[in-house]
Structures are given as C-alpha cells and as structure tokens.
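For reference, positions follow the sequence shown, starting with 1. As a basis for the values below, the full set of heavy atoms in this structure was taken, side chains included, without hydrogen atoms, waters or symmetry mates.
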Amino acid sequence: MDWSLAVFEHENCPIHYALPGPEGNPPVVFTHGAGIDHRTFAPQVPVIAERYRVLIWDVRGHGRSRPDGGVFSIPRAAEDLVALLDHLGYRQVVLVGQSMGGYISQELAYRYPDRVCAMVIIGATCITMRYPRWELLALRCSLPIFRSIPWELLKCMMAYYSALQPATRAYAYQAFSQLSQAEFYRIWVGISRCLHEDPDYRFSKPLLITHGAHDRTGTVRKHAPAWAAREPLARYVVIPNAGHMANQDNPNFFNEILLDFLDIT
C-alpha cells in the first residue's frame, strides 16, 4: 500500500492520513492497533475503496504521526479522530477498529453517538463491560512486565503472538520497530486505563464484533460472546485460520463479511 499521506496538525502532533475511494456513502474509518500503523489494513482498503470512501490514519504516537507531543490516552486519540473528521467535513462515519483501534472507536462512539452510524471491532474487548477484578489486576501487572523485557525480545514476542501468518508477523515486527520501548510503554499505559465500566450502556447502531479463532491476546475470545449478546444490533463472527490481527491473517474471509456488513448497514 503506497498512498500519499496528507498531514493534519492537531495538538502538537502531525496526524497522517489518506482518503481513497469514491465520495457518497459515510466514510469507512480504519483505526489500527497498538504499536503498528495504517498499513495493517493494506488487504482491506483496495477492496473497500472500490465502493466506499475510506479513511486510514496513523494514530497519535504511531507510524508517521510522531512525535505525539505528550501523554497518550484512548480518549485523546478519539478526540484526534473527531477533529480530523471535522477538518475533512464528515459528520457521520462507519468505524472499523483493530485491537487498540477498537477501543478508540468505542470511545468515540460513546462520546459522540450521533457521529457513528455503524461499528466493526476486530480483536478488542468492550470498554464499558464489568470484568473480574483479577483480570483488571492482570492488566495493571502487564505494565512492569512490558518495561522489564528487553525491547528486541518484546517486539519478537508481540509479533509472534499477534498473528499466524509469517507475512503478518513480519509486518508487525517492522511496525513495532518504528517505536522505542519508551514510546510503546507510554502507549500501553494509555490502553491500560481505557476501561470505564457502564453496565447500562448499549451501542444502538449496527455492530460487527469479530476476532480470530486463534486470537491469544488478553481475554478477547473469552468476552466477545457476552459482549455480542448484550448488544441489540450486534453480529458476532469468528474468523477462521486467524490470530489477533485477523484482518491480515485471513483477509479474504474478513473482507467478505465486512462488505456484507457495510452493504446492509
């Protein structure tokens, strides 16, 4: 994927983005996971952009959107995206988020429900559900663990556990290598603080919840069925032969269900 990226300066950060595809329908906004960048959706954008306007971007502190000028948080990233949408003149969008991108998408939808007409989640948990205390403790304990592991080893481990396909793992490793360990740690601190329990909250728009059948990251596979069951307009699909970065591990399957979802939304 070699699109020319434009730059939107926002709060001391150069937000890099591209906007391929025809005008017409609400844009489909793809938001990537922690430590990687917009290239994670390389298998999706050429296909989706044949029918829909597509927005891809590097989240603050990732890829080319650096330096980020301060503390990283999921709410701040969501506000970056809202500012970018305002800059581009888009009032409503479809959000597609992978892992961390799923948290950013949920946060935007929670804060600005009128801006979102549908949402797709890939390999992320719900930010408003109630979780067992031991799981929340484990999330906090991950912070010193990530800091203590040598960066080269940590990059290899994260790439390995993020995907099944060698090409996807190679991309993940290369993307992680754009960051220092301190930069990644700052991002992970922000992710660890993104949950805000709200048991009565429901996303009242079409929602597609997906994850890889072999996703070994956190508790995604454990909690996805319960999340889908509580949402009134949710569709839940497990992507076969795929890990955490399921849209890259099995792009043909994912693209098919995404297009089907977009076409009926």
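- Put simply, the side chain of Lys205 gets close to the backbone of Pro113: a donor and an acceptor are under 3.5 Å apart.
- For Thr128, the side chain to side chain donor-acceptor pair (under 3.5 Å) partners two or more places apart in sequence, or in a different chain, are Arg230.
- When all heavy atoms of Gly61 and Ile187 are compared, the pair lying nearest together is O-CD1, 3.7 Å.
- Here the closest heavy-atom approach between residue Val7 and residue Pro14 is recorded as CG1-CB, 3.7 Å.
- In this structure, Glu9 and Ile15 have side chains that are not in contact, with every pair of non-hydrogen atoms separated by 4.5 Å or more.
- Annotation: ring pair (Phe, Tyr, Trp, His ring centres under 6.0 Å) contacts involving residues 101-145, sequence neighbours excluded, comprise Tyr110-His196, Tyr110-Tyr201, Tyr131-His223.
- Residues Gly102 and Ala124 come closest through the heavy atom pair CA-CB, 4.1 Å.
- Among residues two or more places apart in sequence or in another chain, the salt bridge (Lys or Arg N to Asp or Glu O under 4.0 Å) test is passed with Glu231 by none.
- The list of ring pair (Phe, Tyr, Trp, His ring centres under 6.0 Å) pairs with a residue in residues 154-179, not counting sequence neighbours, is empty.
- Residues satisfying the ring-ring contact (aromatic ring centres under 6.0 Å, His included) test with His214, not counting sequence neighbours, are none.
- Taken together through direct or relayed side-chain contacts under 4.5 Å among Ile, Leu, Val, Met, Phe, Trp and Tyr, Leu207 and Val93 form part of one hydrophobic cluster.
- Both Val237 and Leu262 are assigned to one and the same hydrophobic cluster, defined by single-linkage of ILVMFWY side chains at heavy-atom distances under 4.5 Å.
- Panel note: side chain Gln106, backbone Gly101; no donor-acceptor pair is recorded below 3.5 Å.
- Leu233 and Ile264 are members of different hydrophobic clusters when ILVMFWY side chains are connected at heavy-atom separations under 4.5 Å.
- Side-chain contact between Phe261 and Glu256 is absent, with no heavy atoms from C-beta onward closer than 4.5 Å.
- Contacts of Arg186 classified as side chain to side chain donor-acceptor pair (under 3.5 Å), with partners at least two apart in sequence or in another chain: none.
- Taking the six-membered ring for Trp and thresholds of 30 and 60 degrees, Trp151 and Phe184 have ring planes inclined between 30 and 60 degrees apart.
- Enclosure of atom CZ in Arg111 by more than 12 non-hydrogen atoms of other residues, nucleotides or ligands within 6.0 angstrom is indicated.
- Summarising the geometry of Gly212 relative to Val238, their closest heavy-atom pair is C-CG1, 4.3 Å, with the distance given to 0.1 Å.
- More than 12 heavy atoms of other residues, nucleotides or ligands lie within 6.0 Å of CD in Glu197, so this atom counts as buried by the packing criterion.
- Between the side chain of His16 and the backbone N or O of Leu5 there is no donor-acceptor pair closer than 3.5 Å.
- Between Ser162 and Arg169 the shortest side-chain heavy-atom distance does not fall below 4.5 Å.
- Judged purely by atom type and a 3.5 angstrom limit, Asn250 has no side-chain atom pairing as donor or acceptor with the backbone of Ala242.
- A salt bridge links Asp86 with Arg115: the closest approach of a Lys/Arg side-chain nitrogen to an acidic carboxylate oxygen falls below 4.0 angstrom.
- Leu95 places a side-chain heavy atom less than 4.5 Å from the side chain of Val116.
- Taking Trp227 as the reference, nothing meets the ring-ring contact (aromatic ring centres under 6.0 Å, His included) condition, with sequence neighbours excluded.
- Side-chain atoms of Phe30 and Ile48, non-hydrogen and from C-beta on, do get closer than 4.5 Å to each other.
- Contact annotation: the side chain of Leu84 approaches that of Leu55 to within less than 4.5 Å [non-hydrogen atoms, C-beta and beyond].
- No side-chain donor from either of Thr40 and Gln98 sits under 3.5 Å from a side-chain acceptor of the other.
- Residues Arg130 and Asp198 are not paired through a salt bridge, judged by the lack of any N-O separation under 4.0 Å between the basic side chain and the carboxylate.
- The shortest non-hydrogen separation linking Gln248 to Pro251 is O-CD, 3.2 Å.
- Applying the side-chain contact (heavy atoms from CB on, under 4.5 Å) test to Arg193 and every residue at least two apart in sequence or in another chain returns Val189.
- Side-chain atoms of Trp188 and Ser142 form a donor-acceptor pair, as typed in the model, at a separation below 3.5 Å.
- Pairs passing the salt bridge (charged side-chain N to carboxylate O under 4.0 Å, His left out) check and including a residue from residues 208-222, sequence neighbours excluded, read Glu135-Lys222.
- In the hydrophobic cluster analysis, where Ile, Leu, Val, Met, Phe, Trp and Tyr join through side-chain heavy atoms closer than 4.5 angstrom, Ile122 is grouped apart from Ile36.
- Checking side-chain atoms of His32 against main-chain N and O of Val59 turns up a donor-acceptor pair under 3.5 Å.
- Listed for the Gln181 side chain is a donor-acceptor partner under 3.5 Å among the backbone atoms of Phe146.
- Looking only at side-chain heavy atoms (C-beta outward), Val47 and Tyr52 stay at 4.5 Å or farther from each other.
- With sequence neighbours left out, Ser99 forms a side chain to side chain donor-acceptor pair (under 3.5 Å) with His244.
- For the pair Asn247 (side chain) and Pro43 (backbone), a donor-acceptor distance under 3.5 Å is absent.
- Taking 4.5 Å as the limit, every side-chain heavy atom of Leu208 sits out of range of all side-chain heavy atoms of Ile121.
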Please list every donor-acceptor pair under 3.5 Å in which a side-chain atom of residues 17-29 meets a protein atom from a residue at least two apart or in another chain.
from	atom 1	to	atom 2	distance (Å)
Glu23	OE1	Tyr90	OH	3.4
Glu23	OE2	Tyr90	OH	2.9

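- Residues forming a side chain to side chain donor-acceptor pair (under 3.5 Å) with Ser177 (at least two apart in sequence, or on another chain): Lys155.
- Under a 4.0 Å N-O distance rule, the pair Asp80/Arg60 qualifies as a salt bridge.
- Taking 4.0 Å as the cut-off between side-chain N and carboxylate O, Asp58 and Arg66 do not count as a salt-bridged pair.
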